[in-house]
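Structure first, then comments.
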2 protein chains.
Amino acid sequence: MPRGATIPITVADLKTACSQCNLQELCLPVGLGNAEIEQLDALVGARRRVKRHQHLYRAGDTFEAIYAVRSGSFKTNVLFEDGRDQVTGFQMSGEILGLDGISTDQHTCDAEALEDSEVCVIPFSKLEELSRAVESLQHQFHKVMSREIVRDHSVMMLLGSMRAEERLAAFLLNLSQRFTARGFSAAEFHLRMTRDEIGSYLGLKLETVSRAFSRFQDQGLISVQQKHIRIIDIDGLKQLLGNHGGI
Amino acid sequence: MPRGATIPITVADLKTACSQCNLQELCLPVGLGNAEIEQLDALVGARRRVKRHQHLYRAGDTFEAIYAVRSGSFKTNVLFEDGRDQVTGFQMSGEILGLDGISTDQHTCDAEALEDSEVCVIPFSKLEELSRAVESLQHQFHKVMSREIVRDHSVMMLLGSMRAEERLAAFLLNLSQRFTARGFSAAEFHLRMTRDEIGSYLGLKLETVSRAFSRFQDQGLISVQQKHIRIIDIDGLKQLLGNHGGI
DNA sequence: CGACTGCTTGATGCCCGTCAATATCCGTGG
DNA sequence: CCACGGATATTGACGGGCATCAAGCAGTCG
């Protein structure tokens with residue numbers, strides 16, 4: 001695992017571990033008491049910066065740690081022998097990366113930064129050790145994994161039985177909700193990913209994504225300018241999800 | 001597989017908990033020592049029979065336990081407001097059901113038996129308790145969850161970037177491999193699910209599934225008779241996966 | 001500014017969904 | 001035992017949604 005460089009950890013860095021982090025409510029420490037969060041601090045010492053287009057890990061890398069996104073955002077990508085690939089998720093601050101590696105002690109996908117980002121490195125063996133001692137941490141970690149499974153199921157639903165515009169509407173609504181949870185505007189945001197990456201995630205070609213954006217704009221649902229999105233009629237988007245393309 | 005009757009649990013039944021179970025190698029006890037498996041026995045006391053078309057749990061049910069399939073098979077199903085649904089997986093013996101419920105203490109999908117089946121009930125709070133004490137159990141459980149995530153990713157790949165025949169070939173190869181792991185023939189087996197259920201899982205309509213089966217048969221790759229499948233040219237099926245439908 | 005990457009938009013074609021008819025299997029009851 | 005009905009599967013005809021191919025536009029960075 002290329003670690004970029006062993007960036008020396010300063011005391012100031014350590015002080016801003018979980019107990020001081022403003023992402024507590026979204027991240028691994030959810031539901032933990034203060035004493036327990038301080039135990040997490042000891043575990044989550046190291047940070048790692050990942051520049052845009054750099055990989056946090058790649059498929060095949062040996063698995064040693066999971067990562068919490070502290071700032072920035074990532075995509076995860078599974079590869080196929082013949083060169084095809086598929087984006088399996090976009091992760092933003094407070095979300096956990098790397099859970100796929102536990103299964104075989106090797107990562108099974110690539111994780112790439114969509115912008116200059118920073119993650120907290122959580123050595124997995126230490127996390128297991130601590131979660132044997134701290135019941136609430138154990139349970140919270142299990143919830144994080146379970147939530148990932150539930151999310152994957154809803155993506156399967158999306159890919160398996162929605163049409164193009166429904167998929168894109170669901171995608172926008174999901175982004176909007178996640179931005180809201182982070183204190184950003186629900187209606188106006190910047191896409192960090194390209195049309196091609198959105199398309200890969202949604203099982204569509206980039207032209208189809210682009211066309212759907214334009215259609216939404218024509219219908220007065222959103223306003224699009226390249227990567228800048230403004231949601232004008234959020235209920236309209238939600239309605240789009242309800243019907244099979246009918247009414 | 002209907003086992004006759006005797007719903008009351010006899011001593012003999014209890015004796016056939018994990019330590020005596022021939023699914024050890026496929027199920028939760030993988031990698032555990034004898035002493036540890038016997039600890040699991042205490043936990044996995046109860047069995048539950050589920051008849052064909054009955055539900056093991058439904059979306060919305062409060063989550064209390066996960067389940068290991070002991071005999072028979074299941075499908076899991078996510079529902080959508082407007083009536084659409086999507087099969088998210090088929091589970092056979094040794095595989096774990098119910099992990100989706102950890103996230104919110106409610107199940108988020110339905111689990112339905114495809115044939116008369118039996119599961120081992122594993123109360124989740126007890127599992128967490130024991131896995132705080134038994135490191136190898138803890139790790140094995142994490143692997144089970146991670147494996148589910150990895151599996152979901154490969155389904156996303158399938159749904160997002162494969163064409164109909166590739167999806168069905170991948171499905172057949174996956175089934176074949178799982179039957180092999182259970183000591184059954186890799187080449188000849190009985191489908192427990194309908195064309196419609198296969199189609200839902202693969203993001204296709206049942207007619208498309210049926211046509212793809214027929215095409216495979218015409219090409220000499222398999223022989224199909226309703227639910228009975230015989231794989232004739234397994235390498236041919238594998239090749240189908242490699243190309244985008246080309247060569 | 002020019003090369004490049006990413007986005008938009010149009011024209012065309014094909015894969016798969018839809019609709020429909022028929023065939024086959026299976027359980028039930030006469 | 002066979003007849004019957006419902007669920008499941010197969011097969012055909014047709015159309016639509018999205019992919020593909022292609023051209024032009026917009027923003028970015030050395």
Side-chain angles (χ1 to χ4, degrees), chain A residues 51-53 75 83-84 86-87 112 114-116 158-169 171-172 190-219 222-230 240 243-246, chain B residues 2 51-53 75 84 86-87 112 114-116 158-169 171-172 190-219 222-230 240 243-246:
Chain A
K51 289 188 113 46
R52 191 163 116 106
H53 292 155
K75 69 168 177 180
R84 276 182 288 187
Q86 166 91 20
V87 172
E112 181 185 329
L114 296 175
E115 58 193 310
D116 292 356
L158 180 148
L159 292 171
S161 52
M162 289 187 186
R163 19 193 64 216
E165 294 194 0
E166 291 178 298
R167 295 183 200 188
L168 193 63
F171 175 70
L172 288 175
H190 217 77
L191 299 175
R192 302 302 185 176
M193 64 294 283
T194 67
R195 299 287 189 269
D196 195 36
E197 287 163 338
I198 296 173
S200 173
Y201 182 58
L202 299 179
L204 303 168
K205 291 295 158 184
L206 67 93
E207 295 94 331
T208 305
V209 174
S210 182
R211 271 185 251 272
F213 271 134
S214 300
R215 187 97 54 99
F216 286 173
Q217 184 162 242
D218 295 345
Q219 294 170 347
I222 64 174
S223 125
V224 200
Q225 237 166 346
Q226 305 283 117
K227 296 194 138 92
H228 187 86
I229 302 281
R230 190 158 52 87
L240 229 72
N243 340 308
H244 298 219
Chain B
K51 287 190 112 52
R52 191 161 116 106
H53 292 155
K75 69 168 176 179
R84 276 182 289 188
Q86 167 91 22
V87 173
E112 181 185 330
L114 296 175
E115 58 193 310
D116 291 354
L158 180 146
L159 292 170
S161 50
M162 289 187 188
R163 16 193 66 215
E165 294 194 0
E166 291 178 298
R167 296 183 200 188
L168 193 65
F171 175 71
L172 288 175
H190 220 76
L191 298 175
R192 302 301 184 177
M193 65 293 284
T194 67
R195 300 287 188 267
D196 195 36
E197 288 163 337
I198 297 173
S200 173
Y201 181 59
L202 299 179
L204 303 168
K205 290 295 157 185
L206 68 90
E207 295 94 330
T208 305
V209 173
S210 184
R211 271 185 251 273
F213 272 135
S214 300
R215 187 97 55 99
F216 286 172
Q217 184 162 241
D218 293 346
Q219 293 169 348
I222 65 174
S223 124
V224 200
Q225 237 164 348
Q226 304 282 119
K227 294 195 141 87
H228 188 85
I229 301 282
R230 191 159 50 88
L240 229 70
N243 340 306
H244 298 219

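Chain letters run A, B, ... following the sequence lines, proteins first, then strands; residues in each count from 1.
The distance from atom CG of A:L168 to atom C1' of D:dG17 is 15 Å, rounded to the nearest whole Å. Following rounding to the nearest Å, A:H190 (NE2) and C:dC7 (P) show an atom-to-atom distance of 10 Å. Separating the CZ atom of B:R215 from the P atom of D:dT11 is a distance of 12 Å, rounded to the nearest angstrom. In this entry the distance linking CD of B:Q226 with P of C:dC25 reads 6 Å, nearest Å. For B:L159 and C:dC16, the CG to P distance is 13 Å, given to the nearest whole Å. We find that CZ of A:F213 is positioned 23 Å from P of D:dC25, with the value rounded to whole Å. Between the C1' atom of D:dA7 and the CZ atom of B:R52 lies a distance of 10 Å, rounded to the nearest Å. As a whole-Å value, the separation of A:H228 NE2 from C:dG6 C1' is 18 Å.
Close to C:dT8, at under 4.0 Å from its OP1 or OP2, lies no side-chain N or O of A:R211. Of the side-chain N and O atoms in A:T208, none sit less than 4.0 angstrom from OP1 or OP2 of D:dC18. Contact between the side-chain N/O atoms of B:R195 and the OP1/OP2 oxygens of D:dT10 is found at a separation under 4.0 Å. OP1 or OP2 of D:dT11 lies within a sub-4.0 Å distance of a side-chain N or O belonging to B:S214.
Among the nucleotides C:dC7, D:dT10, C:dG17, the one closest to any side-chain atom of A:K227 is C:dC7. The listed nucleotides are D:dC21, D:dT10, C:dC15; the one nearest the side chain of B:L206 is D:dT10. Among D:dT10, C:dC7, C:dT18, the nucleotide with an atom closest to any side-chain atom of B:S210 is D:dT10. Closest to the side chain of B:L204, from the set C:dT8, C:dA20, C:dG17, is C:dG17. Considering only side-chain atoms of B:T194, the nucleotide from D:dA9, C:dT18, D:dA19 that sits closest is D:dA9.
Counting non-hydrogen atoms of other residues, nucleotides and ligands closer than 6.0 Å to NZ of A:K227 gives a total above 12.
Between A:E207 and A:E165, it is A:E165 whose nearest contact on DNA chain D lies nearer the 5' terminus.
The residue A:G199 sits apart from the nucleic acid: no heavy atom pair falls under 4.0 Å.
Checked for salt-bridge contact, A:K51 and A:E112 miss the test: no charged N lies under 4.0 Å from a carboxylate O. A salt bridge between A:E115 and A:R52 is absent, with no side-chain N of the basic residue lying under 4.0 Å from a carboxylate O of the acidic one.
A heavy-atom distance below 4.5 Å is found between the side chains of B:R167 and B:L159. Looking only at side-chain heavy atoms (C-beta outward), B:D196 and B:V209 stay at 4.5 Å or farther from each other.
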